[in-house]
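Everything on this sheet refers to the single structure shown next.
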Amino acid sequence: MSRVIRAPEELRDFCDVLRVRQERIGLVPTMGALHEGHLSLIDQAREHGATKVLVTIFVNPLQFGPSEDYTRYPRSLEQDIALCESKRVDAIFAPETDALIPSSHATFVEVTGALTSVLEAVHRPTHFRGVTTIVAKLFSLVGPCTALFGRKDYQQWKIIETMTRELQLPVTIVGCPIVREPDGLALSSRNRYLSAEARKRALRLPQGLLRAQRAYQEGQRVRKELLRIACAEIEQGADAIDYVELVDPNTLQTSPDKLVEAALLCAAVRVDTTRLIDNLLLTSAG
Ligand code: AMP
């Protein structure tokens, strides 16, 4: 049985006891509505040496903009607990909203500068400070651990890595591969918003990324041309495109006109009312 923890103080005590027993904690922060992408992070935690795995489930209001889907975001705690148990997760931290964010809450943790001025940050200006505030809080409660994040949210991973390094937090950050449906769509809790018709159109997003990758592997290095190839496909499925960009995988700044190094192709689109993001690292191999 996975232990379900509701109170932040109980989480801190639980983790302290584990460390006294020489256990190594793997932390998997999520917003719940768990799917195979989340579950892969649990496996990755063990592969990275965790002897105890802790999953947190918290729909964080601070990371949603005023016109975003906070109220309709899927919540399925009972099912999530069952999935965690099937993966032998040791504990689930699922606090009430005001246990982490009381109405008086006025402290934010924010990574500033280039990483938080591009891509998602342009379209979701308060998103990342909401994420880093809660993730910093989780790190503070859990203490020394290895924390696993999906590269599906590539920019989030890089920002959390930066926050952790710059605040000198005792946490090792691991970025994990994107898990996809057999047809290529990246798993996301938001996929359940899609109608069958929209789901079909959403597929153009990974297909566009793959087309550009194929061109890259055939020798295409002109940034504009790679973006044109990706967009031509993506446009056929999306109702709106927030961005399709080629960036440096470390700095997330726009790649040069002619690529010389590996580049991250990333995109955000809307299909019906559902916003989807995806990315693919363009490299010569594989
Ligand atoms: P979320 O519940 O959407 O906040 O996601 C929690 C964690 O799961 C984040 O680190 C995400 O990047 C990761 N994640 C979500 N979808 C996927 C996926 N398809 N593959 C790998 N990781 C994912």
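Start at 1 and go down the list; that is how both ligands and their atoms are numbered.
Side-chain polar atoms of Ser140 and Arg12 form a donor-acceptor pair below 3.5 angstrom.
Contact atoms of ligand 1 toward Leu187: 16 (N), 17 (C), 18 (C), 19 (N) (distance under 4.0 Å to a heavy atom of the residue). Close approach to Phe149 involves these atoms of ligand 1, each under 4.0 Å from a residue heavy atom: 10 (O). Taking every non-hydrogen atom of Pro177 and a distance limit under 4.0 Å, the qualifying atoms of ligand 1 come out as 20 (N), 21 (C). With ligand atoms numbered from 1 in the order given, ligand 1 contributes 20 (N), 21 (C) to contacts under 4.0 Å with heavy atoms of Ile178. Interface of Gly150 with ligand 1, defined as ligand atoms under 4.0 Å from a residue heavy atom, comprises 9 (C), 10 (O), 11 (C), 12 (O), 13 (C), 22 (N).
For the atom pair OH (Tyr73) and CE (Met31), the distance works out to 3.5 Å, reported to the nearest 0.5 Å. We find the CG-CD1 distance between Leu11 and Ile5 to be 5.5 Å, quoted to the nearest 0.5 Å. Rounding to the nearest 0.5 angstrom, the gap separating the OG1 atom in Thr51 from the CD atom in Gln22 is 9.5 Å. From Thr162, atom OG1 reaches atom CD1 of Ile173 across 10.0 Å, with rounding to the nearest 0.5 Å. The structure places OG1 of Thr283 at 12.5 Å from CD of Glu261, a figure rounded to the nearest 0.5 Å.
Hydrophobic cluster membership is shared by Phe58 and Phe93, with clusters built from Ile, Leu, Val, Met, Phe, Trp and Tyr side chains linked at under 4.5 angstrom. No continuous path of ILVMFWY side-chain contacts below 4.5 Å connects Leu119 to Leu205, so the two sit in separate hydrophobic clusters.
Checked by distance only, ligand 1 and His38 come closer than 3.5 Å through their nitrogen or oxygen atoms. Considering both main-chain and side-chain atoms, Leu148 never comes within under 3.5 Å of ligand 1 through any nitrogen or oxygen pair. Taking distance alone, with nitrogen or oxygen atoms compared against 3.5 Å, Thr30 stays at or beyond that limit from ligand 1. Between Met31 and ligand 1, at least one pair of N/O atoms sits closer than 3.5 Å.
In terms of protein heavy-atom proximity, atom 20 (N) of ligand 1 is nearest to Val179 N, 2.8 Å.
Distances from ligand 1 to the non-hydrogen atoms of His35 include at least one value under 4.0 Å. For Pro29, the closest heavy-atom approach to ligand 1 falls below 4.0 Å.
Looking at Leu41 against ligand 1, only its side chain comes within 4.0 Å, counting heavy atoms.
Remark: Arg124 CZ is packed, more than 12 non-hydrogen atoms of other residues, nucleotides or ligands lying under 6.0 Å away.
Of the listed residues (Asp153, Val59, Val55), the one carrying the non-hydrogen atom nearest atom 12 (O) of ligand 1 is Asp153.
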